[in-house]
Amino acid sequence: MSARLLKKVLKEQEQKKQHVIEEDEQDELLNDDESVSPDSGAGSSKNPFDLLNEGDDADEDNADQVYADETSTRKQEPPPSVKNALNSAYTSNNKSKKKKQKKGKEGSLSTGKRETPLDVNLEALALDIESSSQQSGLNKQPGFENFKQSKPSVLHVDPKYLNVENELRRIFGSKVVKSFEKSNQSSSSRQVRGGRRGNHHIRKTVLIYPSDHWPRWDGSLSMEFLETKDGCHYFRYTHSSSYDQAQRAFEAAQAIHDLNGVASVLMYHPYHLDSLITMADYFKFVGEHQMSADAIAKCLYAMECAWHPMFTPLQGNCQLKFSHDSNKPLFKALFTHMKNMDRRGCHRSALEVCKLLLALDSDDPTGAMFCLDYFALRAGEYAWLEQFSEDYRTDTSLWLLPNFSYSLAVCRFYLKQEESSDADTAKASSADLMNQALMLHPPVLKKLVAKVPLKDQAWTNILKNSYFHSDQIGIPSVDHLINIYVEQNYLIWRLPDLQKLLRDGASHVIQTLEHNKNDAKDWTCVRKEAFPSNKNEYGHLLVQDFPTRFKLFPQIIYRTLWLT
């Protein structure tokens, strides 16, 4: 039977069915006065699946919307039977699209009742999804039945600020960014020349925006759910057998200090994390900052592709403990990615990554707590920083830390300028907070004078006072944190307004100690109670990892064992 004849027969059958349906509808209207005509559309209750057939263009939009909703919420993919049902429904819908274009609203409603294959497929789709969700293996895991979304956290990450390009456009303008992108198009095209071009679908991620020429995600990483405890959900990365094989090859190359061996691992396993991090350190040492950033971006892309469907780190309710070796590359990559953003001047994006680092592990293995205040001040998030210092739960008050004691004073200084004259005066002033910071951590002043530098004669006279004469406090943990703070935040103190705030605070402290010397002893007791240990509890944090300006340290190569 030819196609034309088949269409003619189907058209005649549809017309007969349409007449039967119209007669049935007329009988229903006569028998039931309270029923509403399907043509009226006002106040009628419709099946949600019937809405898919209402209008020709709405069919494709609803199908796309279903796909977008599934992607945004990161739910589990439906089983193969569900996918087949959806594909068949979408195909049959496209075939009848040309027939329905010339029909009005009555034709579209009646067509929705005639196309039984579409209704059957959609009904089967709903049943399959419901059954698959009930029989999912996730519900069988201990503790997973209580998996619920917690309340918004103070470390909630806003995904729209993770895009570095958006912040660059806000800073430099769209024209400058577009010209820079055009200049890099030729280099990116040369990277894929001579091989297969990246015509495959690149999965879109939240942390970074992958390039089109990147290799296809090989699925060598995955993530497993461990437990739910105190409202937090714990996860861990797992490796496939192919990834373990690449890891053994990497360790063999590392044992003989063979950088070419690491590069060969990436040829066969382009998303091997340790190899990418090693190459990123190497490129950073030789001054190839863009290639280093690309290697770190590939790490983040691979690890985000492996996220568990229920892993929602941006909400601050998921934990990836650094104690698991498989989780460590994510912390290293995020910390380096944060510093790359700082180097490009994207402090708002760096702040979001810093919040993510702190939210992933409450133990803070990378020292994100000592970068948070710096990025918040550089991004102008003064109100958020104050709110964070009040809401974040920790063993000790945040204002006892050297970085927060000084940064909160700076924060209050700028907030006071933004507030009106009749604002709430219950909070301490910036001068009071600065006095507390200088009394609690006096060595910061001498280190800032040398690092900024501050060369006025007034600073020389202040440092002659015995209270500010020493650059050591005598507590290893505090001295180490002071060194990190000065290395990280000294650029902020080059502003004249903040220099005046610091100078006035130091003068006030000197006058206070002249009248009452017991205040110095009281603040010494506060320090000892806050930091009772005689050991450096933050020795794992290297001071050279916290510079505000990008520097090339030979220690990077020593740590990766390639300088031989």
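Computed from a predicted model, the values in this text were never measured in an experiment.
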Engineer: If we ignore hydrogens and angles and just use 3.5 Å, is the side chain of D218 paired with the main-chain N or O of S220 as donor and acceptor?
Structural biologist: yes
Engineer: Kindly indicate whether the side chain of S407, heavy atoms from C-beta on, has any atom under 4.5 Å from the side chain of L377.
Structural biologist: yes
Engineer: Regarding H347 and D342, do their side chains bring together a donor and an acceptor under 3.5 Å, going by distance alone?
Structural biologist: yes
Engineer: When you compare the side chain of H337 with that of I208, does any pair of heavy atoms fall below 4.5 Å?
Structural biologist: yes
Engineer: Is any side-chain N of the basic residue among R248 and E251 closer than 4.0 Å to the acidic one's carboxylate O?
Structural biologist: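 Answer for the salt bridge query: no.
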Engineer: Hey, what's the ring geometry for W217 with Y271, parallel, tilted or perpendicular (30° and 60° as the breaks)?
Structural biologist: perpendicular
Engineer: Quick check with a 6.0 Å cut-off and a 45 degree axis cone: is K328 positioned over the face of F322's six-membered ring?
Structural biologist: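 Here K328 passes the 6.0 Å and 45° test against F322.
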Engineer: Determine whether a donor-acceptor pair (N or O, by modelled atom type, separation under 3.5 Å) exists between the side chain of T336 and the backbone of A333.
Structural biologist: no
Engineer: So, Y237 versus H324, ring centres under 6.0 angstrom or not?
Structural biologist: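 No, the ring centres sit 6.0 Å or more apart.
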Engineer: Could you state the interatomic distance from OG1 (T228) to CE (M310), rounded to the nearest 0.5 Å?
Structural biologist: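 The CE atom of M310 is 11.0 Å from OG1 of T228, to the nearest 0.5 Å.
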Engineer: If we count only N and O atoms by modelled type, under 3.5 Å, do the side chains of W399 and Y406 hold a donor and an acceptor together?
Structural biologist: no
Engineer: Taking 4.0 angstrom as the limit, do D545 and K339 come out as a salt bridge?
Structural biologist: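 Salt bridge: no.
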Engineer: Scan side-chain atoms only and decide if S349 and N163 contain a donor-acceptor pair under the 3.5 Å cut-off.
Structural biologist: no
Engineer: Kindly indicate whether the side chain of P270, heavy atoms from C-beta on, has any atom under 4.5 Å from the side chain of W214.
Structural biologist: no
Engineer: For the rings on H269 and Y243, is their centre-to-centre separation under 6.0 Å?
Structural biologist: no
Engineer: Which distance, rounded to the nearest 0.5 Å, do you find between the CD of E537 and the NE2 of H480?
Structural biologist: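 The NE2 atom of H480 is 11.5 Å from CD of E537, to the nearest 0.5 Å.
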Engineer: Under a 3.5 Å threshold, yes or no: a donor from one side chain and an acceptor from the other, between Q488 and N403?
Structural biologist: no
Engineer: With rounding to the nearest 0.5 angstrom, report the CG to CD distance, L372 to E381.
Structural biologist: 11.0 Å
Engineer: For the residue pair Q319 / H233, report whether a side-chain donor-acceptor contact shorter than 3.5 Å exists.
Structural biologist: no
Engineer: Any idea which heavy atoms bring L415 and A383 closest together, and the distance?
Structural biologist: CD2-N, 3.9 Å
Engineer: Could you state the interatomic distance from CG (L360) to NZ (K321), rounded to the nearest 0.5 Å?
Structural biologist: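 The NZ atom of K321 is 10.5 Å from CG of L360, to the nearest 0.5 Å.
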Engineer: Quick one: does any side-chain atom of T278 pair with a main-chain N or O of D274 as donor and acceptor, under 3.5 Å?
Structural biologist: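 It does hold such a pair.
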Engineer: Report yes or no: does D158 contribute a side-chain atom to a donor-acceptor pair with the main-chain N or O of Y161 at less than 3.5 Å?
Structural biologist: no
Engineer: Which atom pair, heavy atoms only, marks the closest approach of N166 to K160?
Structural biologist: ND2-O, 3.9 Å
Engineer: Identify the residue among Y538, Y485, F546 that makes a ring pair (Phe, Tyr, Trp, His ring centres under 6.0 Å) with F370.
Structural biologist: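 That would be Y538; it is the only one of Y538, Y485, F546 passing the ring pair (Phe, Tyr, Trp, His ring centres under 6.0 Å) with F370.
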Engineer: Is R203 paired with E304 through a side-chain N to carboxylate O contact shorter than 4.0 Å?
Structural biologist: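 Answer for the salt bridge query: no.
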Engineer: Should the pair W307 and F311 be assigned to parallel (<30°), tilted (30 to 60°) or perpendicular (>60°) ring geometry?
Structural biologist: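 The arrangement is perpendicular - the two ring planes meet at more than 60°.
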Engineer: Side-chain donor-acceptor pair under 3.5 Å between Q290 and D294, yes or no?
Structural biologist: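 Present: a donor and an acceptor within the cut-off.
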Engineer: Quick check on Q245: does its CD atom have over 12 non-hydrogen neighbours (other residues, nucleotides or ligands) under 6.0 Å away?
Structural biologist: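 Result for CD/Q245: open.
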Engineer: Could you work out, with side-chain hydrogen bond (donor to acceptor under 3.5 Å, both in side chains) as the rule, every residue matching S264, not counting sequence neighbours?
Structural biologist: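 So S264 forms no side-chain hydrogen bond (donor to acceptor under 3.5 Å, both in side chains) with any residue.
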Engineer: Would the distance check show the side chain of D364 and the main-chain N or O of M369 forming a donor-acceptor pair, the cut-off being under 3.5 Å?
Structural biologist: yes
